[in-house]
Amino acid sequence: MNTDHTLEFDKIRQKWKNLALTKAASDRIDSQTFYLNEKELVKNLQDTTDARQFIESCGMPPMSSADEAKELVFLAEKEGCLTPDQLERIEKMLAAVERLKNYLNKGKQQENPLAYYEMNLESLTNLREKIAAQIRGGRVDDYASRQLQRIRSEMTRLKEKMTQKAEQTIRTHKECMADSYCTLRNGHICIPVKKECKSKIQGITIGQSSTGNTLFIEPAQAARIQEEFQLLQIEEENEVYRILYTLSAMVADAAALMTENIRVIEKLDYIFSKGKLSIDMDASLPQINTERRILLTDARHPLMDREICVPLQFEIGNGTRGIVITGPNTGGKTAALKTVALNCLMAQCGLHVTCRKADICMNSSYLCDIGDGQNLTENLSTFSAHIKNVLEIMQQAGPESLVIMDELGSGTDPAEGMGIAVSILEELKNSGCLFLVTTHYPQVKEYADRTDMIQNARMEFDRNTLQPVYQMVIGKAGESCAFYIAQKLGMPSHMLKTAVRAAYGESAAGSGACGEVRTFQDSLKIQKRQTHHPRIQKSKKTKKSQNTAGLSEKFKIGDSVTVLPDKKIGIVCEPVNEKGVLRVQLPGKKIWINHKRVKLHVSADRLYPADYDFSIVFDTVENRKKRHDMERKFTEDMIESE
């Protein structure tokens, strides 16, 4: 059962992938499925919200693909020598890291949690500047080292000297030349000599023209300089390789930091892609519950044009387990089904939903049977496939499932299809799942009207214009409006009367078909598989104030703590605030960090006496001296905050 394709979530996934830049993020989007852990889902939804707010306040993130850099770091780590072009790509990646750090720092002004990923990025300025200084234009720069500068300057001088010698020979033996300029053949400066004048020119024949009438000869004087030039070429090659190996070794030494940079870039790329998708779809953050309740206000199908899409109002739960939707063809019943299911699935995958407001329950499975209700070639084979799909849904449906079925009981004899539809609804109700179905059968509407936990709903239809208005009204059954439409279009009254008698007359109700339907319904017993469904993990509900109070007691000024994931040791200089952030003194700097990334190492009462003056640890000598002077007398000095 391909639920992604049935609900068109595969199209949402493709739009989402197009907004990611790294292969790792694209692969994660490809494999993304709905979360079953409530705490994990809420965290991912908050990431999406933070990413959207970050983009709206600071613009699009300066992200770039780090896929190639990952391979280059691996190559350098395996003692490979990177080419100048590869080193330039490393330098560009490091420059992108620096831009991303600057971008994330802007978010700290808005106290956006994503901004603190900046502390996990290392710009490696020394390595970047070294590569930029020595590699330019895809080659090792002339000024990469004094030795290389000297060698290339000497090579340039020798080239000019060889050219001068060749031009001098041309001027001296004009009558022997096939042309008046020298040329380069196989790395040698050559002059074009007529074949019959070969003996008059001292030198080595390097090649000849296609006709054979012209020989390209390297003059003897230029040949002697060429030998010196070739020795310099060897020196140049050795120096270039020395520089490339040195830079490659520096990349290898920084491999761990660069790998961490790439990991953070890939994670941020995934998170920001969700924020971009939310902006593109004009979506909003849904509330999540585990009480089997779905409430959608002004919901849209995310793939429909928002300018023409009629907002959907939908509610299920609080005593209602199933909704039976009725209404005319092309009235929007199938679109309503997909709108509800697709928004629920998107929310449970950590994405924002296309609703003005949404309260969505978590589901352990999404089970769908949606086909084309306008297929004129329906026959037994399509009905058989439909029933097979329905039976599979019945076997898997559980109390935490969401079931979507379109055109329930269609594709066969109407009386028998109605009986099958009622039996399916009864089985769905007994399974305890939430379900939405569409139907045209009046008997199914009557069943829903008299059955607990099931409600009718209808898609509104304008009888004056014969056009659907695509609005759902829950609590009232609809009608197909076939007779009314036929009358408006000019069907004679005697034909309409015959049709009504055939559809609802006593003769039809009193026929022997009812016994056959009853027998078929009784035999339709669904043998449920003994399967263990995954369970939704509910997070513990605790008051925010209690959490903050507990954290302030957990981390005190002077506590020695471990900063994760780098496992750096620091000392708490400011306790946890109401936002769950504390300040830690690390070697050479103080950082703000979320309490979740800090682990107690040694408590302050084991390191310092009770009345210890922590300004000795956290304050500079200059500030301590100024503070001491202020306690004794008036002074114009100012204490500089860090």
Side-chain angles (χ1 to χ4, degrees), residues 42-44 46-59 61-62 97-125 257 260-261 263-265 267-268 271-272 275 544-604 607-608 612-620 622-624 627 638-642:
V42 171
K43 168 64 171 62
N44 276 272
Q46 187 59 48
D47 282 347
T48 306
T49 302
D50 293 338
R52 174 167 181 164
Q53 291 175 350
F54 212 132
I55 294 171
E56 289 176 337
S57 61
C58 301
V97 170
E98 183 66 27
R99 290 194 299 271
L100 184 57
K101 282 176 68 70
N102 294 335
Y103 173 83
L104 293 175
N105 275 322
K106 294 179 184 177
K108 292 181 180 178
Q109 299 173 4
Q110 287 82 30
E111 298 183 348
N112 193 302
L114 295 181
Y116 295 95
Y117 277 98
E118 178 271 335
M119 291 183 290
N120 289 339
L121 293 170
E122 292 290 341
S123 55
L124 298 171
T125 305
L257 293 175
E260 175 65 10
N261 282 345
R263 185 192 67 80
V264 173
I265 288 173
K267 184 172 183 179
L268 287 174
I271 293 174
F272 277 113
K544 186 175 181 181
S545 59
Q546 293 176 346
N547 289 342
T548 306
L551 292 172
S552 61
E553 294 175 2
K554 181 177 179 181
F555 298 111
K556 302 182 182 66
I557 295 178
D559 284 350
S560 176
V561 294
T562 303
V563 178
L564 304 175
D566 300 331
K567 297 184 178 179
K568 295 179 180 178
I569 302 298
I571 299 175
V572 177
C573 53
E574 291 188 33
V576 180
N577 59 25
E578 68 278 2
K579 295 182 179 179
V581 177
L582 68 156
R583 201 175 191 190
V584 177
Q585 172 76 59
L586 293 176
K589 62 179 179 179
K590 294 178 181 177
I591 65 170
W592 289 97
I593 189 168
N594 191 285
H595 70 89
K596 295 180 182 179
R597 294 184 52 210
V598 176
K599 182 180 179 183
L600 182 64
H601 184 228
V602 182
S603 61
L607 294 173
Y608 307 98
Y612 186 77
D613 182 7
F614 283 104
S615 66
I616 298 173
V617 179
F618 304 130
D619 217 345
T620 63
E622 293 79 5
N623 283 349
R624 292 184 67 244
R627 189 175 285 107
M638 297 180 65
I639 296 176
E640 298 178 0
S641 61
E642 298 182 52

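Remember, it's a predicted structure, so these values are computed and weren't measured experimentally.
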Problem - More than 12 heavy atoms of other groups within 6.0 Å of K267 NZ - result: no
Practice task
Look at the rings of F54 and Y103 and say which category their plane angle falls in: under 30° parallel, 30 to 60° tilted, over 60° perpendicular.
Solution key: parallel
Exercise for the section: Could you point out which residue of M119, K108, R583 forms a side-chain contact (heavy atoms from CB on, under 4.5 Å) with W592? Expected result: R583
Completion exercise
For K567 and T562, the nearest pair of non-hydrogen atoms, with its separation, is CA-CG2, 3.6 Å
Fill in the blank from the handout: CG (D47) and CZ (F272) are apart, to the nearest 0.5 Å, by 10.0 Å
Handout entry: Distance in Å, T49 OG1 paired with I271 CD1, rounded so as to fall on 0.5 Å steps
Key = 11.5 Å
Problem - Shortest non-hydrogen separation from E574 to V572 and the atoms involved - result: O-CG1, 3.6 Å
Problem - Gap separating the CG atom of L600 from the CG atom of D559, nearest 0.5 angstrom - result: 5.5 Å
Handout entry: Partner of E118 under side-chain contact (heavy atoms from CB on, under 4.5 Å), chosen from L100, V264, N105, L268
Key = N105
Handout entry: Spacing of Q46 atom CD and K43 atom NZ [to the nearest 0.5 Å]
Key = 8.5 Å
Exercise for the section: Find out whether P62 and N102 are in side-chain contact, i.e. whether some heavy atom of one side chain is under 4.5 Å from a heavy atom of the other. Expected result: no
Exercise for the section: Please step through side-chain contact (heavy atoms from CB on, under 4.5 Å) for the pair V598 and F555, ending with a clear verdict. Expected result: CA-CA 9 Å; V598 176; F555 298 111; 3.8 Å; yes
Completion exercise
Looking only at heavy atoms, the pair that brings K106 and C58 closest together is CB-SG, 3.9 Å
Fill in the blank from the handout: Nearest heavy-atom contact between A115 and G107 is CB-C, 3.6 Å
Handout entry: Reported CD1-to-NZ distance for the pair I593 and K568, which is rounded to 0.5 angstrom
Key = 10.0 Å
Handout entry: Side-chain heavy atoms of E122 within contact of V97, under 4.5 Å
Key = no
Problem - Check ion pair E260-R263 (N to O, under 4.0 angstrom) - result: yes
Handout entry: Taking every non-hydrogen atom, the tightest pair across A604 and I557
Key = CB-O, 3.5 Å
Problem - Heavy-atom side-chain contact between L104 and L121 under 4.5 Å - result: yes
Practice task
Mind checking the CG-CD spacing from D50 to Q110? Nearest 0.5 Å is all I need.
Solution key: 12.0 Å
Completion exercise
Nearest heavy-atom approach of H595 to L582 is CA-CD2, 3.6 Å
Practice task
Could you check I571 against V584 for side-chain contact (heavy atoms from CB on, under 4.5 Å), going step by step and ending with a plain yes or no?
Solution key: CA-CA 5 Å; I571 299 175; V584 177; 5.9 Å; no
